[in-house]
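Down below is the structure, laid out as structure tokens.
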Amino acid sequence: MRIDIITVVPGLLEGPFSHSILKRAEDKGLAMVRIHNLRDYASGKQKQVDDYAFGGGAGMVMMIEPIAKCIDALKSEREYDEVIYMTPDGKTFDQKMANELSLKGNLIILCGHYKGVDERVREKFITREISVGDFVLSGGELAAAVVADAVIRLIPGVLNDETSALTDSFQDGLLAPPVYTRPANYEGMEVPEVLLSGHQAKIESWRFDASVRRTKERRPDLLEGKGF
């Protein structure tokens, strides 16, 4: 997988992709993330990428020309499955969407900034609009990093334990159960006995029941219509 992220503040994205699982994915040749500074595609001495909105109003709007030049340049080198725009009014990102995107080959992610992009960008180039929640960030960079992380970790071979991603919260519509490690007894707080039993069927049954209980307590909305 290759993910190209278009941004006006590339420095915000330097850290997330140079460490941990995302760095490991690139080292293994399983995923590649490239950051593109939109100002490199802007014209004029000032490398302007934004302008005032027609009709007035507060805030600046990202211009269509530099975005078009960047996307066209990327598309001239390879085919892309999706051109994603990070925006508060997009569809809320969830595990189902992460699973779907992890099966893609190449993605472009455009990070919104200021008051957003010229609407013609959305009409001409964007195939999917994504939000990470009902709140507003200073730009789409951190949201793009969230999406890239959630998607890349699902690619087979990225995680050391390939079953790990399949047991994450939300993969089966439930929150993950509680987990424990050594010591088995810490100041009188004991690990549930079943987890020490070695009886895998009983352990899996306990984990499922614990997942359901935790989901009922913390995210009952996830259980609507499921008969739990």
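All values below were derived from every heavy atom in this structure, side-chain atoms included, with hydrogens, water molecules and symmetry-related copies excluded. Counting from 1, the numbers follow the sequence of the chain as shown.
- Ser131 places no side-chain N or O within 3.5 Å of a backbone atom of Thr92 that could act as its donor or acceptor partner.
- Sorted by first and then second residue, the salt bridge (charged side-chain N to carboxylate O under 4.0 Å, His left out) pairs involving residues 102-117 (not counting sequence neighbours) are Glu82-Lys104.
- Distance alone, capped at 3.5 Å, is enough to place a donor-acceptor pair between the Thr215 side chain and the Ser211 backbone.
- Within the 4.5 Å cutoff, no side-chain heavy atoms of Val121 are placed close to those of Tyr85.
- Tracing side-chain contacts under 4.5 Å through hydrophobic residues (I, L, V, M, F, W, Y), one never reaches Ile126 starting from Val132; they form parts of separate clusters.
- Follow the hydrophobic side-chain contacts under 4.5 Å out from Met32 and you never reach Ile155; the two are in separate clusters.
- The minimum heavy-atom distance between Ile108 and Leu74, with the atom names listed, is CD1-CD1, 4.0 Å.
- Between Leu159 and Arg153, some side-chain heavy-atom pair lies under the 4.5 Å cut-off.
- With hydrogens and angles ignored, the 3.5 Å screen pairs no side-chain donor or acceptor of Ser205 with any backbone N or O of Lys202.
- Considering every non-hydrogen atom in both Arg214 and Pro178, the closest pair reads NH2-CG, 3.5 Å.
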Q) Given the rule in the side-chain contact (heavy atoms from CB on, under 4.5 Å) test, do Val33 and Ile152 qualify, once you have shown the distances and angles that lead to the verdict? A) CA-CA 10 Å; Val33 178; Ile152 289 173; 3.7 Å; yes

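- The hydrophobic clustering, which links ILVMFWY residues whose side-chain heavy atoms are closer than 4.5 Å, places Val117 and Tyr41 apart.
- Shown here is Tyr180, whose OH atom has more than 12 heavy atoms of other residues, nucleotides or ligands within 6.0 Å.
- Around CG of Asn185, the count of heavy atoms belonging to other residues, nucleotides or ligands within 6.0 Å exceeds 12.
- By the 4.5 Å heavy-atom criterion applied to side chains, Met86 and Ile130 are counted as neighbours.
- Considering CG of Leu103 and CD of Glu100, their distance stands at 8.0 Å, rounded to 0.5 Å.
- Using a 4.5 Å cut-off on side-chain heavy atoms (C-beta onward), Val61 and Asp51 make no contact.
- In Glu193, the CD atom is not crowded: 12 or fewer heavy atoms of neighbouring residues, nucleotides or ligands sit closer than 6.0 Å.
- Every pair tested for salt bridge (charged side-chain N to carboxylate O under 4.0 Å, His left out) that includes a residue from residues 181-190 fails, sequence neighbours excluded, so the list is empty.
- Taking both residues in full, the closest heavy atoms of Ser197 and Ile203 are given as OG-CG1, 4.2 Å, listed atom of the first, atom of the second, then distance.
- Within the 4.5 Å cutoff, no side-chain heavy atoms of Ile21 are placed close to those of Asp149.
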Q: Check the pair Lys124, Ile71 against side-chain contact (heavy atoms from CB on, under 4.5 Å), reporting the backbone distance first and the verdict last.
A: CA-CA 11 Å; Lys124 181 175 175 61; Ile71 292 176; over 6 Å; no

Q. Given Glu65 and Arg120, is the salt bridge (Lys or Arg N to Asp or Glu O under 4.0 Å) satisfied, shown in steps?
A. CA-CA 10 Å; Glu65 287 98 343; Arg120 291 167 293 186; over 6 Å; no

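- Taking OG1 of Thr87 as the reference point, atom CG of Leu137 lies at 11.0 Å (rounded to 0.5 Å).
- Side-chain contact between Ile84 and Leu101 is present, with heavy atoms from C-beta onward closer than 4.5 Å.
- Rounding to the nearest 0.5 Å gives a distance of 11.5 Å between CD1 of Ile109 and OH of Tyr80.
- The minimum heavy-atom distance linking Pro88 with Val136 is given by the pair CG-CG2, 4.3 Å.
- Looking at residues two or more places apart in sequence or on another chain, you find a side-chain contact (heavy atoms from CB on, under 4.5 Å) between Phe208 and Leu174, Val212, Phe228.
- Shortest non-hydrogen contact noted between Val191 and Pro183 is CG2-O, 4.2 Å.
- Other residues, nucleotides and ligands contribute only 12 or fewer heavy atoms inside 6.0 Å of the CD atom of Glu79.
- Taking CG of Asp4 as the start and CG of Leu110 as the end, the distance is 12.0 Å to the nearest 0.5 Å.
- For the atom pair CG of Leu223 and NZ of Lys216, the computed distance is 7.0 Å after rounding to the nearest 0.5 Å.
- More than 12 heavy atoms of other residues, nucleotides or ligands shown are found within 6.0 angstrom of NZ on Lys47.
- To the nearest 0.5 Å, atoms CZ (Arg78) and CZ (Arg2) are separated by 3.5 Å.
- Taking each heavy atom of Ala145 and Leu13 in turn, the nearest pair found is CB-CD2, 4.0 Å.
- Paired with Thr7 under the rule side chain to side chain donor-acceptor pair (under 3.5 Å), one option of His36, Arg39, His113, Glu141 passes, and it is Glu141.
- Under the 4.5 Å side-chain contact rule for hydrophobic residues, Val9 and Val49 share a cluster.
- A salt bridge is defined here as a Lys NZ or Arg NE, NH1 or NH2 lying under 4.0 Å from an Asp or Glu carboxylate O, and Glu204 with Arg207 meets this definition.
- In this structure a side-chain-to-backbone donor-acceptor pair under 3.5 Å is present from Lys28 to Gly157.
- Between Ile5 and Phe17, some side-chain heavy-atom pair lies under the 4.5 Å cut-off.
- When atom types are taken as modelled, the side chain of Asp81 and the backbone of Asn106 share a donor-acceptor pair closer than 3.5 angstrom.
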Q. Can you list the steps and then say if Ile67 with Cys70 is a side-chain contact (heavy atoms from CB on, under 4.5 Å)?
A. CA-CA 5 Å; Ile67 295 173; Cys70 183; 5.9 Å; no

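- Looking only at side-chain heavy atoms (C-beta outward), Asp72 and Phe125 come within less than 4.5 Å of each other.
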**Q.** side-chain contact (heavy atoms from CB on, under 4.5 Å) between Gln95 and Leu154, worked out
**A.** CA-CA 10 Å; Gln95 193 63 41; Leu154 293 171; 3.7 Å; yes

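- In this structure, Leu142 is not a member of the same hydrophobic cluster as Ile6, with clusters built from ILVMFWY side-chain heavy atoms closer than 4.5 Å.
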